[in-house]
Structure formats: C-alpha cells, structure tokens
Amino acid sequence: MNSEEERLQPFEKRILCIGAGYVGGPTMAVIALKCPTYKVTVVDINARRIEQWNSPQLPIFEPGLDEVVQKARGRNLFFSTDVAAGIREADIIFVSVNTPTKSFGLGAGAAADLQYWEKTAQQIIDHSDGAKIIVEKSTVPVKTAEAMQRILSSNQKGIHFEVVSNPEFLAEGTAVQDLLEPDRVLIGSLPTETGKTAAAAIVGIYAHWIPRERILTTSLWSSELSKLVANAFLAQRISSINSLSALCEETQADVTEIATAIGADSRIGSKFLNASIGFGGSCFKKDINNLVYIARSYNLQETADYWEMVLKINDFQSRRFVGKVIRQLFNTLVGKRIVLFGFAFKANTGDTRESPAISVTRQLLEERARVVISDPQALDNARLDLADVENQVEFEPDPYRAAAGARALLVLTEWDLYRKLDYQLIFQGMEKPAFIFDGRNILDHARLHEIGFHVFPIGKPALTHY
Ligand code: NAD
Ligand code: UGA
C-alpha cells in the first residue's frame with residue numbers, strides 16, 4: 001500500500017464540499033458529525049473564510065454550530081483552500097457555491113449568475129482522475145443539472161460524472177437544528193441506472209440520522225424546481241400577510257389576531273404569518289427573481305407576474321413603514337436621532353444580506369435623519385453594507401446608549417434582547433414626544449404606551465397620547 005492509499009484508508013467514503021459559506025460549512029459539519037466513518041472536507045477559494053473555519057471564531061454565527069464543529073473538526077471534518085487535492089480524493093462532491101442574481105448583460109437583475117457554478121465544473125474536470133457523483137447543493141435554475149452534465153461530459157479523460165440535485169432548506173439562525181431534524185431531504189436524479197445508484201449513495205449519507213420516510217427521491221427537474229418553489233411559497237405567505245397589515249391599519253383590525261384566526265385552519269397552518277417590515281435574506285428575493293425570469297423565458301407571463309407581485313409587496317411594505325415614521329414625526333426627520341434596534345435580516349444571525357434595514361437606513365438618511373444602528377451580531381456587516389455612507393451613521397452595540405437622546409426607536413430585527421430592555425429607563429433618556437415603531441410586533445405595546453411612548457406596531461391600531 002503506498003502512502004497515498006494509506007492516507008485514504010481509514011475512511012469509508014470521501015466527501016468534498018466546494019463552498020464554505022452559510023450552507024456548505026454547517027451542512028458538512030453535521031454530515032461529519034453524523035457519519036464518523038466518512039471523511040468530509042470543505043474547500044473555498046476565500047482563504048480568510050477557511051482560516052476562520054479552522055479557528056475558534058467561526059466565520060458565521062449559528063446557534064449550536066461551535067459544538068458540532070468542535071466535535072468533528074480534525075477527526076473527520078477538514079477545512080482547506082486546496083480545491084485541487086480535495087477534488088482528486090473525493091468520491092462525492094457537493095457544490096455549494098454562491099449563485100447570486102446576475103448584475104450584468106442578459107437577464108441582469110433577475111436571472112441567476114452561474115459563473116461560480118461553471119468555474120466549479122471546470123475545476124472538477126481539471127482535477128478529477130476517476131468517476132464521481134456531483135451534488136447540486138446551491139440553489140440553481142431548473143435544468144442547470146443538464147448544463148452541468150454536458151460540461152462535465154465534455155471531459156477528455158473518459159470519466160463518468162453523475163449529477164444529482166440535493167437542494168438545501170435550512171434557515172439561518174436555526175441551521176443546525178434544521179440540519180439535524182429536517183422536515184425532509186430532497187434528492188433528485190436521472191431515471192437511469194447510474195442516476196439511481198448515485199441517488200442511493202446520497203440517501204445513504206442522510207440515512208445515518210434521518211428517518212427514511214423523510215428522504216424524498218424525485219426527478220432531477222422536480223428537485224431543482226421544488227427549491228425555488230419552496231422559497232417562493234414561504235415568501236408569498238409573508239407578502240400576503242404584509243399586504244393585509246396595511247388594510248388592518250386602515251380598519252382598526254389586528255393582523256396578529258387575523259393570523260391566529262386563519263392559522264388555526266389546518267389547511268392554512270400557523271407558520272410564516274408574522275407581519276413585518278418585509279422579508280430579507282440572501283435567497284427569497286434572488287430565488288423569486290429567478291423563478292420569474294424562468295417563467296418569462298417560457299413566455300408564461302401570468303405565472304411570472306403572479307410571483308413578481310410577492311416582491312413588489314415586499315418593497316411596498318418597507319417604504320410604507322418609513323412613510324409612516326416620516327408622517328408621525330411631523331413630516332420632517334431632519335436632525336432627529338432615529339435608532340434602529342436590529343440590522344440583521346432576522347434574529348440569531350449576523351447576516352444582513354438583503355436586510356430591509358439597509359433600505360430603511362438609506363431612506364432615513366435621504367430625509368437627513370441622524371441614524372444610529374444597534375445590533376448584537378450584525379454591526380460588522382452593517383458597516384460593510386453602508387460603507388458609502390458610513391460617516392453619516394452611528395454604530396452602537398449597546399441599545400441603552402443608542403437610545404439616549406433619540407426621538408424614535410425602530411425595531412427592525414426580532415432579537416429577544418429587545419423584548420427584555422428596561423423601556424422605562426430608555427423613555428426617560430429620550431427626547432419627547434418619544435416614538436416606537438415596532439416593525440416586528442415583538443414588544444408589549446400596551447406597557448410601552450403606559451410608559452408614555454407613542455406606539456406604532458405593524459397591522460394593529462396605533463397607541464398614541466393625542
Ligand atoms: P455564501 O456566499 O455564504 O458561500 C458560498 C461560498 O462559495 C463562498 O465562500 C465563496 O468564496 C465560495 N466559492 C465560490 N466559488 C468557488 C470556487 N470556484 N471554488 C471554491 N469556493 C468557491 O453562500 P451560501 O449562503 O452558503 O449559499 C450557497 C448556495 O446555497 C446558494 O445557491 C444559496 O442560494 C443556497 N442556499 C442558501 C441558504 C442560506 O440560508 N444562506 C439556504 C439554502 C440554500
Ligand atoms: C429561507 C427559508 O426559510 C429556508 O427554508 C431556505 O433554505 C432559505 O431561505 C434559503 O434558501 O436561503 P432564511 O432566509 O434563512 O431561510 O430565513 P427565514 O426564516 O425564511 O426568514 C426570511 C425572512 O422572512 C426574514 O427576514 C424573516 O424575518 C422574514 N419573516 C419570516 C417574516 O417577515 N415573517 C415571517 O412570518 C417569517
């Protein structure tokens with residue numbers, strides 16, 4: 001046995017993941033934890049990110065992730081920048097690179113930008129010397145596997161690559177929990193013998209900890225499209241309730257009561273009905289744009305228009321929120337200290353991609369407000385998002401210091417921390433009249449009103465002292 005064979009010997013299978021981001025890192029950490037006989041390597045071209053994955057300070061904040069990484073790292077979980085070596089030794093390659101919205105050329109602003117995807121395919125061809133299963137983990141347009149299969153089949157070495165789709169449904173902030181106990185795992189493959197064998201190998205990974213009946217196997221195309229459709233449906237629920245929150249504010253109805261009333265119908269279900277300033281995150285907008293683009297490319301204008309409305313309502317909701325702030329603060333924000341409680345796109349993450357807080361901040365700055373941003377995890381990312389206007393914004397991690405001298409507090413992220421603050425103390429330090437705009441409906445509005453605030457929730461009657 002040569003030294004290379006010896007090195008590979010102890011592991012039953014070798015899995016590689018290309019892309020050590022929010023999906024690749026946690027997903028592979030959980031696979032390594034649950035499959036101790038598999039060697040799991042995660043590679044990335046971003047050396048800084050890999051350095052962080054190998055350090056005590058992981059590059060992303062996810063509850064429970066530290067423990068999982070600590071248990072598996074160095075045992076059967078490895079992070080590396082050596083993409084070539086990783087490809088060479090792997091039996092199964094997950095591709096979890098970013099697939100952002102295209103910002104140039106044909107389909108700009110709507111289609112998926114597959115440049116990272118195609119580069120990865122080329123790298124796989126260049127460094128492979130044997131058959132491999134290639135797993136689409138990134139969210140991709142339906143039919144991407146066909147293109148991937150064609151590129152990979154063009155290799156001159158006679159190597160067979162089998163492309164399988166295995167989209168990821170984890171949500172940030174609950175990634176570890178979602179990976180440990182997913183509602184379902186989806187695996188799509190071609191109906192050929194090699195396709196079925198490859199799908200079985202991927203089923204074999206997840207079957208280490210997930211009941212077999214929750215592992216769904218479908219055609220490649222259903223699997224790819226299901227991912228876009230799942231995100232579109234989730235986002236649609238938020239836009240549906242948000243569109244009605246506007247009507248509630250006009251009619252004195254309460255959107256939370258409505259959500260409870262309709263959510264009690266088991267056909268509707270109670271989840272994802274929290275009215276808000278709008279959804280953010282790296283995927284909902286990009287995936288719906290992508291779905292709309294695909295529908296238009298097949299000349300299905302009505303299908304495209306239907307889903308596009310979900311995005312239009314989302315924009316409407318954040319503009320409506322800022323409009324209300326301006327109106328209630330007597331139609332001028334000039335020189336007023338306005339504090340954002342929360343900048344992350346949701347609680348329990350430091351991620352700010354597409355966070356509604358970004359557009360809210362920019363709208364407030366246009367009104368010449370003095371904007372102060374507070375967040376327990378997202379201030380570094382907030383600084384990057386607002387780099388061009390950084391000197392016009394104050395960043396203050398301590399919510400009490402942030403609120404001192406403020407005219408209005410805007411709750412933009414549903415961090416638990418904001419429920420527990422001493423609002424009596426905060427009120428005393430604010431300019432009067434003092435306002436709270438609860439963009440997440442997480443605070444005790446009656447109590448805040450009692451303290452003396454003018455309170456403006458989403459989709460509920462305002463509590464004022466006029
Ligand atoms: P991310 O930007 O956090 O990570 C992608 C990583 O891929 C980056 O670190 C980048 O440097 C690396 N990369 C790009 N090209 C590479 C190459 N050629 N070789 C090696 N590394 C390369 O993205 P993410 O949030 O992890 O999302 C990845 C995919 O998963 C996207 O398609 C996204 O739509 C999908 N997804 C994301 C989530 C989520 O919650 N973030 C959930 C489900 C699905
Ligand atoms: C979402 C999906 O939930 C995941 O299943 C999917 O894998 C992922 O996108 C993806 O493909 O990237 P994520 O964006 O991490 O996950 O977070 P969500 O919990 O879905 O929240 C998205 C946004 O909607 C947040 O801004 C959140 O605050 C908002 N939201 C959520 C509401 O405004 N109201 C709700 O009732 C629920």
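Residues take their numbers from the sequence shown, with the count starting at 1. Nothing here was measured: the structure is a model prediction, and the numbers come from that model. First listed ligand is number 1; within each ligand, the first listed atom is number 1.
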Is the side chain of [X] donor-acceptor paired with the backbone N or O of [Y] at a distance under 3.5 Å, no angle test?
| X | Y | result |
| --- | --- | --- |
| Q363 | V322 | no |
| E224 | A145 | yes |
| S154 | I151 | yes |

May I ask you to check if ligand 1 and [X] share an N or O to N or O distance below 3.5 Å?
| X | answer |
| --- | --- |
| K119 | no |
| N46 | no |
| R49 | yes |
| D287 | no |
| E172 | yes |
| A171 | no |
| E168 | no |
| Y116 | no |

Is any side-chain heavy atom of E172 less than 4.5 Å from a side-chain heavy atom of Y22?
->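 Yes. Closest side-chain heavy atoms under 4.5 Å.
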For residues L364 and T361, determine if any side-chain heavy atom of one lies less than 4.5 Å from a side-chain heavy atom of the other.
->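 Side-chain contact under 4.5 Å: no.
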Will you find, in the side chains of [X] and [Y], an N or O donor that is under 3.5 Å from an N or O acceptor?
| X | Y | result |
| --- | --- | --- |
| N166 | K137 | yes |
| S245 | Q317 | yes |
| Q70 | D66 | no |

Angle between ring planes, [X] versus [Y], binned at 30° and 60°: parallel, tilted or perpendicular?
| X | Y | result |
| --- | --- | --- |
| W53 | F79 | parallel |
| F341 | Y418 | parallel |
| Y206 | W209 | tilted |

Which atoms of ligand 1 sit under 4.0 Å from any heavy atom of [X]?
| X | value |
| --- | --- |
| S96 | 5 (C), 28 (C) |
| K227 | 43 (C) |
| T120 | 18 (N) |

How does [X] reach ligand 2, by side chain, by backbone, by both or by neither, if only non-hydrogen atoms under 4.0 Å count?
| X | answer |
| --- | --- |
| S276 | side chain |
| D178 | neither |
| N274 | both |

Contact list for residues 213-223, test side chain to side chain donor-acceptor pair (under 3.5 Å), sequence neighbours left out |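 Passing the test, one end in residues 213-223: S165-S223, S219-S222.
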Starting from [atom], what is the nearest protein heavy atom, named by residue and atom, and what distance separates them?
| atom | answer |
| --- | --- |
| atom 17 (O) of ligand 2 | K346 NZ, 3.2 Å |
| atom 29 (C) of ligand 1 | V97 O, 3.5 Å |
| atom 31 (C) of ligand 1 | T99 OG1, 3.6 Å |
| atom 11 (O) of ligand 1 | D44 OD1, 2.6 Å |
| atom 21 (N) of ligand 1 | I45 N, 3.4 Å |
| atom 18 (N) of ligand 1 | Q123 OE1, 3.1 Å |
| atom 36 (N) of ligand 1 | V23 CG2, 3.5 Å |
| atom 34 (O) of ligand 1 | K286 NZ, 2.6 Å |
| atom 25 (O) of ligand 1 | R353 NH2, 3.2 Å |

Salt-bridge test for D315 and R319: reply yes if a basic N is under 4.0 Å from a carboxylate O, no otherwise.
->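 A salt bridge is absent here (no side-chain N lies under 4.0 Å from a carboxylate O).
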CG (D388) with more than 12 external heavy atoms under 6.0 Å =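 Enclosed.
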More than 12 non-hydrogen atoms from neighbouring residues, nucleotides or ligands closer than 6.0 Å to CG on L106, yes or no?
->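 Count not over threshold, so no.
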Do G278 and ligand 2 have an N or O pair less than 3.5 Å apart?
->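 In fact, backbone or side chain, G278 has no N or O that close.
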N or O pair under 3.5 Å between T139 and ligand 2 =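 Between T139 and ligand 2, no N or O pair is found under 3.5 Å apart.
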Between K324 and F456, is NZ or CZ placed under 6.0 angstrom from the six-membered ring centre and within 45° of the ring axis?
->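 The answer is no; the distance or angle limit is not met.
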Within 45° of the axis and under 6.0 Å from the centre of the six-membered ring of Y38, does NZ or CZ of R14 qualify?
->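 No cation-pi geometry.
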Apply side-chain contact (heavy atoms from CB on, under 4.5 Å) to the pair V135 and I15, showing each step before the final yes or no.
-> CA-CA 10 Å; V135 186; I15 294 177; over 6 Å; no
Distance filter under 4.0 Å to [X] heavy atoms, resulting ligand 2 atoms:
| X | value |
| --- | --- |
| F284 | 1 (C), 2 (C), 9 (O), 20 (O), 22 (C) |
| E168 | 7 (O) |
| K227 | 6 (C), 7 (O), 10 (C), 11 (O) |
| L234 | 2 (C), 3 (O) |
| C283 | 10 (C), 11 (O), 12 (O) |
| E172 | 15 (O) |

Looking at ligand 2, is there an atom of it that comes within less than 4.0 Å of some heavy atom belonging to [X]?
| X | answer |
| --- | --- |
| K271 | no |
| R440 | yes |
| S282 | no |

So which heavy atom on G269 is nearest to which on R237, and how close?
->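 In terms of heavy atoms, the two residues are closest at O-NH2, 2.8 Å.
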Give the minimum heavy-atom separation between S96 and G24, together with the two atoms involved.
->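 Looks like OG-N, 3.4 Å.
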Ring pair (Phe, Tyr, Trp, His ring centres under 6.0 Å): pairs with one or both residues in residues 234-268, sequence neighbours excluded |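 Found none.
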Given that the side chain starts at C-beta and the backbone is N, CA, C, O, which of these parts of C283 lies under 4.0 Å from ligand 1, counting heavy atoms, or is it both or neither?
->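 C283 to ligand 1: side-chain contact only, backbone stays beyond 4.0 Å.
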Is it the side chain, the backbone, both or neither of I18 that has a heavy atom closer than 4.0 Å to ligand 1?
->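 I18 to ligand 1: side-chain contact only, backbone stays beyond 4.0 Å.
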Closest to atom 16 (O) of ligand 2 among A171, P167, G342 (heavy-atom distance) |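 Answer by nearest heavy atom: A171.
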